[in-house]
Amino acid sequence: MGVIIYTELLKIKRASMLKAGAIIVALSCVLSVIPVFARDSTVKNFALLMGNILENNCIYFSPVLTVLLGSYMMERETTDDTLKNMLTIPVTFQRILLGKLMVLLVVVSFFGVGSSVLGSLLGAALKLPGIGAGSVLMWSVRIICANILIFAAVLPITVLAACKEGAMLAGTAAAFVYGFLASIDWKPMNYYPVKAVMILLRPEYGDKYDWLHYSRPIAAAVIAAVFLASFVLIKRMKPAERKNRASKVSRKRGW
């Protein structure tokens with residue numbers, strides 16, 4: 001397993017998808033700054049900025065980025081026709097898939113670090129009240145943990161998209177819808193995995209409504225159930241079969 005992970009880390013360093021991920025991280029932080037300049041009754045402080053980053057990551061960006069990277073890492077082996085060579089070594093497809101998912105978890109965690117650093121720099125540049133070593137550390141841990149938990153929440157979609165040839169775009173689109181639905185405030189959403197991540201990491205989430213109260217233990221149980229179910233799914237997965245490309249028919253020369 002260690003060799004698989006090391007090899008995948010070397011491969012991912014050359015992937016153009018990392019640049020796309022960095023752009024998505026920057027976009028999330030920039031969009032999170034906009035409410036700070038809004039002229040309304042909301043208190044404009046460091047907690048507002050970092051809370052916006054956490055929420056935007058969970059709803060819009062992290063699900064898409066996680067599934068996109070995960071499916072790309074596996075689809076590349078199929079399209080380049082290298083997976084069959086890897087399977088000739090005495091290693092199962094499930095171990096290869098697990099190795100790639102572990103590397104994906106590392107990459108997603110680093111994107112959380114990037115969001116935290118960029119958000120803290122923006123907060124310092126704007127001189128937002130409430131910024132300090134303690135608040136920076138607290139929000140950084142929350143944002144990184146949010147990315148890790150989102151990884152677990154979208155893991156079934158990532159596995160399915162990674163193991164079906166040509167499913168990368170469909171899986172990414174499904175991840176976007178899956179994350180966007182978490183923007184709905186409704187008591188049954190306590191059982192929705194992406195919503196559960198925000199409930200766990202923002203204790204005040206839902207307090208603005210008198211009729212809405214979320215349960216953190218239920219949210220934790222939902223994420224754990226999805227994570228465990230994903231491993232059952234991984235055991236059932238088989239490598240995608242490469243579709244035969246239609247070969248060009250050579251035309252006869254002469255009459």
Side-chain angles (χ1 to χ4, degrees), residues 4 8 11-12 14-25 27-28 56-84 86-87 93-112 115 146-184 189 191-198 222-223 225-243 245:
I4 296 174
E8 287 303 320
K11 289 180 182 179
I12 201 69
R14 301 189 297 267
S16 58
M17 284 292 180
L18 290 181
K19 297 178 182 178
I23 294 173
I24 290 175
V25 168
L27 180 61
S28 174
N56 285 337
N57 282 353
C58 289
I59 295 176
Y60 303 109
F61 298 105
S62 292
V64 171
L65 185 58
T66 302
V67 175
L68 180 64
L69 283 173
S71 55
Y72 169 78
M73 289 168 63
M74 183 56 76
E75 186 172 87
R76 181 187 56 194
E77 305 291 357
T78 305
T79 54
D80 293 347
D81 212 18
T82 56
L83 183 60
K84 64 179 183 181
M86 297 171 66
L87 292 175
F93 172 73
Q94 282 72 21
R95 286 181 66 85
I96 294 174
L97 181 57
L98 281 174
K100 289 181 178 290
L101 290 175
M102 291 176 70
V103 172
L104 176 62
L105 178 59
V106 173
V107 174
V108 167
S109 301
F110 272 106
F111 282 141
S115 293
N147 272 26
I148 294 173
L149 293 178
I150 286 294
F151 167 85
V154 301
L155 190 53
I157 300 177
T158 305
V159 172
L160 290 173
C163 297
K164 302 293 182 182
E165 186 185 5
M168 182 172 67
L169 294 180
T172 303
F176 175 78
V177 176
Y178 186 61
F180 180 76
L181 291 176
S183 61
I184 300 172
M189 295 299 288
Y191 298 90
Y192 195 72
V194 177
K195 193 76 166 183
V197 174
M198 294 187 287
V222 168
I223 296 173
V226 173
F227 188 66
L228 293 175
S230 299
F231 280 93
V232 177
L233 185 62
I234 289 172
K235 287 186 177 182
R236 294 177 175 271
M237 286 293 102
K238 296 180 180 179
E241 296 182 0
R242 190 182 182 191
K243 298 177 182 178
R245 306 299 193 257

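Throughout, numbering of the chain's residues begins at 1 and tracks the sequence.
Note that CG of L69 is 6.5 Å distant from CG of L18, once rounded to the nearest 0.5 Å. Atom OG of S115 sits about 9.5 Å away from atom CZ of F61, to the nearest 0.5 Å. Here the OH atom belonging to Y192 is positioned 9.5 Å from the CE atom belonging to M198, to the nearest 0.5 angstrom. Atoms CG and CZ, from L105 and F110 in turn, are 11.0 Å apart once rounded to the nearest 0.5 Å. For the atom pair L68 CG and L104 CG, the distance stands at 10.0 Å (nearest 0.5 Å).
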Side-chain atoms of residues 147-162: list all donor-acceptor pairs with protein atoms under 3.5 Å, sequence neighbours left out, distances to 0.1 Å.
from : atom 1 : to   : atom 2 : distance (Å)
N147 : OD1    : S62  : OG     : 3.1
N147 : ND2    : V108 : O      : 3.1
T158 : OG1    : V154 : O      : 3.1

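Minimum heavy-atom separation, M74 to L97: CE-CD1, 3.7 Å. Between I223 and P193, the shortest heavy-atom contact is CG1-O, 4.1 Å. When all heavy atoms of V197 and C58 are compared, the pair lying nearest together is CG1-SG, 3.9 Å. Across Q94 and K235, no two heavy atoms sit closer than the pair NE2-O, 3.5 Å. Here the shortest heavy-atom pairing between A182 and V194 reads CB-CG1, 3.5 Å. The two atoms that bring A175 and V67 nearest to each other are CB-CG2, 3.6 Å, heavy atoms only.
Of the possible polar contacts, none joining the T66 side chain to the P63 backbone as a donor-acceptor pair under 3.5 Å is found. Judged by distance alone, the side chain of Y178 and the main-chain N or O of V64 form no donor-acceptor pair under 3.5 Å. No donor-acceptor distance shorter than 3.5 angstrom exists from the side chain of K195 to the backbone of M189, with no hydrogens or angles considered. Between the side chain of S230 and the main chain of V226, a donor-acceptor pair closer than 3.5 Å is present. Side chain of S28 to backbone of V25: no donor-acceptor contact under 3.5 angstrom is found.
For the ring-ring contact (aromatic ring centres under 6.0 Å, His included) test, no residue two or more places apart in sequence or in another chain qualifies with F176.
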From CA spacing to verdict: side chain to side chain contact (heavy atoms under 4.5 Å, CB included), N57, F111:
CA-CA 10 Å; N57 282 353; F111 282 141; over 6 Å; no
Side chain to side chain contact (heavy atoms under 4.5 Å, CB included) assessment of L181 paired with I184:
CA-CA 6 Å; L181 291 176; I184 300 172; 4.2 Å; yes
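Using a 4.5 Å heavy-atom cutoff, the side chains of I234 and L101 are in contact.
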